[in-house]
> 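My questions all concern the structure below.
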Amino acid sequence: MAEPTSGGDGSAAVAQIQAAYQRIREQMSQVIVGQEHVIDQLLIALFSRGHCILEGVPGLAKTLMISTLSRCLSMSFSRIQFTPDLMPADITGTEVLEENRTTGKREFRFLEGPLFYNVVLADEINRTPPKTQAALLEAMQERQVTVGRVRHELSDPFFVLATQNPIEQEGTYALPEAQQDRFMFKVNVDYPNFRDEFSIAKQTTALQTDSIQPVLSSEEIIALQKVVREVPASDHVIEYALALVRQTRVGEEGVPDFVTDWLSWGAGPRAVQYLLLGGKARALLNDRSYVATEDIAALAKPVLRHRIVTNFSAESDGITPDRVIDRLLEETPSKEGALTSDPRFQKIFAA
């Protein structure tokens, strides 16, 4: 693949990321059947320099999907199976005392843990204690780990994909909301439709061969991540993203009544940043060199579902975060000028 072009040539940027996207999809289709929306969100997060958490019941190929994606990229890959006895040093690395054969002296040497890879699969992240979760999430945010008094930089690009099972909660440690906020997307992996499940059953019960070929190198991914940030977003698109996020904040001016009734806490500024970054990547994947409100709306659920907290009243009525987001999308006008002329949104923007 040619070196991605940065600068003002929008059509070249679109062509480059489109070519990479199509080649990755072709490679993954050899192993993964269906789940197109999940793969799209993973790639959007990758090109936006974000991390993902995938939630779904066992057997939906979450781990296989992530390992296959890593095979499509010329990047190092590690898989960490999170368990209740896993300690922070097991993932960050540790210092060991060994003898220097040249000098005869004993010296400490740092042995890198599985975080020192480009793609890290954190399998069943909710099965490990908070101390180990915090070590992973610190690395995600700072892109470094500190062992003793020494800071160690992590690889670049650095992409964490975590999975968790929503149905087996006994003996698990739910991620606090502040730590979930480190993930760009929370992706729900659903059951396949009939035709996809038919293909899965036929394909996986016969002899299987695949020839996954690497599509992108680390340098090309870093260059594409820079291209994504150069995609322009108009003031209207930014206002639309702000309107969606600020409406989730209970107690603020202009917040709709259903939000006050259903939520106990809303999303912070990081949600706006990820909506816009994800919107830029999605625009390129959809053959556009600019962000539209449809890009923001399409990513509202994966960005917001783990950043808003429903209250007891909503939970007792079966109201999910996705239901709240659907209602927000219905009641937030997307046409230019409609937001600024609406008295309720004028209060939100003036707050």
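Just so you know, these numbers use all the heavy atoms, side chains as well, and skip hydrogens, waters and symmetry mates.
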> Under 3.5 Å, is there a donor-acceptor pair between the side chain of Ser316 and the main chain of Phe312?
yes

> Do Arg327 and Phe258 meet the cation-pi criteria used here (NZ or CZ under 6.0 Å from the six-membered ring centre, within 45° of the axis)?
yes

> Let me confirm one number: the CG-CG distance from Asp40 to Asn286, rounded to the nearest 0.5 Å.
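Separation between the atoms: 8.0 Å.
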
> With Ile80 as reference, evaluate Ile125, Asp90, Ile91 under the side-chain contact (heavy atoms from CB on, under 4.5 Å) test and give the passing residue.
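Answer after filtering Ile125, Asp90, Ile91: Ile91.
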
> Do Thr83 and Asp85 pass the side chain to side chain donor-acceptor pair (under 3.5 Å) test, and can you show the C-alpha distance, the side-chain angles, and the key distance before you say yes or no?
CA-CA 6 Å; Thr83 57; Asp85 61 347; 2.6 Å; yes

> Between atom CD1 of Ile53 and atom CD of Gln179, what is the distance when rounded to the nearest 0.5 Å?
10.5 Å

> More than 12 foreign heavy atoms under 6.0 Å from CG of Asp257: is that the case here?
no

> Find out if a path of hydrophobic residues (ILVMFWY) with successive side-chain heavy-atom gaps under 4.5 Å connects Tyr290 to Val237.
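Different clusters: Tyr290 never reaches Val237 through Ile, Leu, Val, Met, Phe, Trp or Tyr contacts under 4.5 Å.
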
> Are Ser48 and Lys280 packed together at the side-chain level, in the sense that at least one heavy-atom pair is separated by less than 4.5 angstrom?
no

> Keeping Glu112 on the side-chain end and Gly93 on the backbone end, is there a donor-acceptor pair under 3.5 Å?
no

> Taking the side chain as every heavy atom from C-beta outward, state whether Val187 and Glu55 have any pair of such atoms under 4.5 Å apart.
no

> Which value, rounded to the nearest 0.5 Å, describes the distance between Leu69 atom CG and Leu46 atom CG?
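The distance works out to 6.5 Å.
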
> If you apply the rule salt bridge (charged side-chain N to carboxylate O under 4.0 Å, His left out), what do you find for Glu124 with Arg127, and how did you get there?
CA-CA 6 Å; Glu124 296 190 285; Arg127 291 206 173 277; 3.1 Å; yes

> Any donor-acceptor pair under 3.5 Å linking the side chain of Glu252 with the backbone of Arg246?
no

> Between His51 and Phe158, what is the shortest heavy-atom contact and its length?
CE1-O, 3.4 Å

> If you apply the rule side chain to side chain donor-acceptor pair (under 3.5 Å), what do you find for Arg182 with Gln180, and how did you get there?
CA-CA 5 Å; Arg182 300 295 193 275; Gln180 290 189 52; over 6 Å; no

> So, Gln213 versus Gln27: side-chain donor-acceptor pair below 3.5 Å or not?
no

> Let me confirm one number: the CZ-CG distance from Phe47 to Leu284, rounded to the nearest 0.5 Å.
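Taking CZ in Phe47 and CG in Leu284, the distance rounds to 9.5 Å.
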
> Is there a continuous path of hydrophobic side-chain contacts, each under 4.5 Å between heavy atoms, that joins Val189 to Leu161?
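They do share one cluster, since a chain of ILVMFWY contacts under 4.5 Å joins Val189 to Leu161.
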
> Take Arg288 and Glu294, measure what salt bridge (charged side-chain N to carboxylate O under 4.0 Å, His left out) needs, and give me the verdict at the end.
CA-CA 12 Å; Arg288 278 184 283 106; Glu294 67 184 75; 3.7 Å; yes

> Does any donor atom in the side chain of Ser313 or Asn311 lie under 3.5 Å from an acceptor atom in the other side chain?
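Short answer, no.
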
> Kindly indicate whether the side chain of Arg151, heavy atoms from C-beta on, has any atom under 4.5 Å from the side chain of Val145.
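SC-SC contact between Arg151 and Val145 ruled out.
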
> Side-chain donor-acceptor pair under 3.5 Å between Tyr274 and Arg270, yes or no?
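On atom types as modelled, these side chains do not qualify, holding no pair under 3.5 Å.
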
> Is it the case that the side chain of Thr248 and the backbone of Gly266 share a donor-acceptor pair, with hydrogens and angles ignored and the cut-off at 3.5 Å?
no

> Ile222 and Met140: same hydrophobic cluster, using ILVMFWY side-chain contacts below 4.5 Å?
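No, Ile222 and Met140 fall in different hydrophobic clusters.
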
> Between Asp326 and Lys301, is the closest basic N to carboxylate O distance under 4.0 Å?
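Salt bridge: yes.
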
> Using the rule that Ile, Leu, Val, Met, Phe, Trp and Tyr join whenever any side-chain heavy atoms are under 4.5 Å apart, tell me whether Ile325 and Trp265 fall into a single cluster.
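The answer is no; the residues belong to distinct hydrophobic clusters.
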
> Are Leu328 and Val309 grouped together when hydrophobic residues (ILVMFWY) are joined by side-chain heavy atoms under 4.5 angstrom apart?
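Shared cluster, no.
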
> May I ask you to say whether Lys226 pairs ionically with Glu230, meaning some side-chain N is under 4.0 Å from a carboxylate O?
no

> Does either side chain, that of Thr340 or that of Glu239, offer a donor lying less than 3.5 Å from an acceptor on the other one?
no

> What are the two closest non-hydrogen atoms of Thr92 and Ala135, and how far apart are they?
CG2-CB, 4.2 Å

> Between Arg49 and Asp156, is there a side-chain N and carboxylate O pair less than 4.0 Å apart?
yes

> Give a yes or no on whether Tyr117 atom OH has more than 12 heavy-atom contacts from other residues, nucleotides or ligands under 6.0 Å away.
no

